[in-house]
Amino acid sequence: MASKQVPYRVRFAPSPTGHMHLGSARTALYDYLIAKKTGGQFILRIEDTDFKRYTPGAEEELINGLRWLGIDYDEGPDIGGPYGPYRQSERKDIYLEHAERLINEGKAYYCFCTPERLTRMREEQQKRKEPPHYDGTCRNIPLEEARERIKVGEKFVFRFKTPKEGTTTVTDLLRGEITVENKNLDDYILVKSDGWALYHLAAMVDDNLMKITHVIRGSEWLPSLPLHAMIVRAFGWVEPVWVHLSIFLKPSGKGKMSKRESADLLKDGHSIFVKDLQNLGYTPEGVVNWVSLMGWSYDDHTEFFTLDDLVDKFSLEHLNPSPAAINFSKLDHFNGLHIRNFTNEELALRIAPYFLKAGYEVDQGSLIKIAPIIKERITTLDEAVGMAGFFFKEEIAYNSQDLIGKGLDVEQTRKILGDSFEILSGLENLNLALAETQLREYVEKSGLSAGQIFGVLRVAVTGQKVSPPLFESMEIIGKEKVIERIKNALEMLS
RNA sequence: GCCCCCAUCGUCUAGUGGCCCAGGACGUGGCCCUCUCAAGGCCAAAACAGGGAUUCGAAUUCCCUUGGGGGCACCA
């Protein structure tokens, strides 16, 4: 009997404040993988208590992004679940109750300091070269007095009463024990004066209520981990396993990606936003494979994974804590790999939207025929349009200069075109084997190279200097159209 | 400034004291294949940040230095 796997309950808890980026995608992926692997649940929770930063449409983009990547969640705002609601904006009272509980137990206190006073305080601390921290003005106000002030209508926040002495030790799965001196920790605000909980409180309360066993998140949260552990401990709850994933650095490896740089990236056909990646012709398979390997590895020799492979092979043990620079050329590599792995039917389905977007009228039947000859020539789906658009054009446009092959002059080119026209016209159809045999015989007799002759025909038939294989292409285009295009080319040169 | 984290080829990484004068992948260069472009195959260049300590033995353990990153909000 195999040892029993404990099901993990994990959550992806983004705030709807912008576009879904790679870091989020990876966190969600790992959440999904480990939940699936252990037979547990993956929960989507929206952390939307900061209304100032709320971005309309962000939640929808998040959900679409997850869906596109194939990362399904078991509980979430749109599908519900036994521990809802899954939007923090619908859980205000829950947080307030918990904050009150901390107050009653002497583990938190009401603070009446105004934001203005706090900024002034911080400025002075900076002037004195002190680390910014709350000075504790309200820390020792007797509870009775504080309640009176609240009754009178004074504005207040809840602050956590952080011990001033001793140390706090928390264990991160990837890094081991992390110990900090409590005097370096602040009396963090738990609930704002508008009554809304801050992340520190809300997330810990929700994680407990939603029975989260493993908190998997970015390591930008590491500095507040001791606080989070303190809050969990103050409530007397058992801590989840803390897992802080490595940070993604920009391709240069120098710092996190900024807004400005993200925009520049897009010009090169890359992006850190899931939505852009989709538009740029990347496949969910490629993105998932690529992102899974940033900060995690399986073994020495396996790197090609489908989502199902990953469910099978993923484990928290092989996570790497060091920051990772984003490497887009590797994305291209994986994307190409997965495109080549598609069946022709699948590829046809995937590239169709890109043709449509470019204004082409395409049919599935033709795309299936085209799929095998472009498969190994494209790294992104949208490249199919540039590579194979000529199949669907009534008339192809190109520069007549491009017709004239390397080492050839106009006369020679015309002769090639004319002879080819004769040869192909004489054929019953442009059956691949037949056409190629005939044309190769012609090459033999002509004394020219195959490259020269086929090059001329390539431009005449496809309008491109770079195209899928000539004979395969001609067969798909059909005799009539091929002959006509050769004739047009001939006329162009006269 | 303070706190925390990290440190193997350009990049992503394998490596948990001897199997490593360090393996794989991307990228780069070369060759082969070839109707273009790819794909594919083969080959090559390319790294344990530095210094101590522990040990018979260190990429692997400990300490220091250096470098890099993250965080210091009534944001998440």
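Per chain, numbering begins at 1; letters A, B, ... match sequence-line order. Quick note: numbers below take in every heavy atom, side chains included, and nothing from hydrogens, waters or symmetry partners.
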Report summary line: Contacts of A:Lys183 meeting side chain to side chain donor-acceptor pair (under 3.5 Å) (sequence neighbours excluded), chain-then-number -> A:Glu181

Query raised in the report: With rounding to whole Å, what would you report as the distance between B:A22 and B:A47 at their C1' atoms?
Result: 9 Å

Report task. Can you sort out the partners of A:Tyr73 under ring-ring contact (aromatic ring centres under 6.0 Å, His included), two or more places apart, ordered by chain and number? Result -> none

What does the list of N/O pairs under 3.5 Å between the protein and nucleotides 69-71 of chain B look like, with a distance for each?
{"residue": "B:G70", "atom": "OP1", "partner": "A:Lys256", "partner atom": "N", "Å": "2.9"}
{"residue": "B:G71", "atom": "OP1", "partner": "A:Lys256", "partner atom": "NZ", "Å": "3.2"}

Report task. State which residues pass side-chain contact (heavy atoms from CB on, under 4.5 Å) with A:Ile141; sequence neighbours excluded, sorted by chain then number. Result -> A:Phe112, A:Cys138, A:Glu145, A:Ala146, A:Arg149

Requested in this report: Please measure how far the C1' atom in B:G17 lies from the corresponding atom in B:A76, and state the result in whole Å.
Outcome: 43 Å

Query raised in the report: Got a sec, which residues hit side chain to side chain donor-acceptor pair (under 3.5 Å) with A:Tyr282, two or more places apart in sequence or on another chain?
Result: A:His270, A:Asp332

Requested in this report: Using the test side chain to side chain donor-acceptor pair (under 3.5 Å), find all partners of A:Tyr199 that sit at least two apart in sequence or belong to another chain.
Outcome: A:Arg217

Report task. Write down the distance separating the P atoms in B:C12 and B:C21, rounded off to the nearest Å. Result -> 25 Å

Requested in this report: Using the test side chain to side chain donor-acceptor pair (under 3.5 Å), find all partners of A:Glu130 that sit at least two apart in sequence or belong to another chain.
Outcome: A:Arg128

Query raised in the report: So which one's nearest nucleotide on RNA chain B is more toward 5', A:Arg175 or A:Leu319?
Result: A:Arg175

**Report entry** Residues which pass side-chain contact (heavy atoms from CB on, under 4.5 Å) with A:Glu220, listed by chain and number, not counting sequence neighbours
**Finding:** A:Ile247, A:Lys256

**Report entry** Sugar-phosphate or base contact per nucleotide [nucleotides 31-50 of chain B; S, B, -; heavy atom under 4.0 Å]
**Finding:** ----BBBBSS----------

Query raised in the report: Expressed as a whole number of Å, how far does the P atom of B:C20 sit from that of B:U36?
Result: 42 Å

Query raised in the report: Can you tell me if NZ on A:Lys155 sees more than 12 non-hydrogen neighbours from other groups inside 6.0 Å?
Result: no

Requested in this report: Using the C1' atoms only, state how far B:A14 lies from B:A59, rounded to an integer number of Å.
Outcome: 12 Å

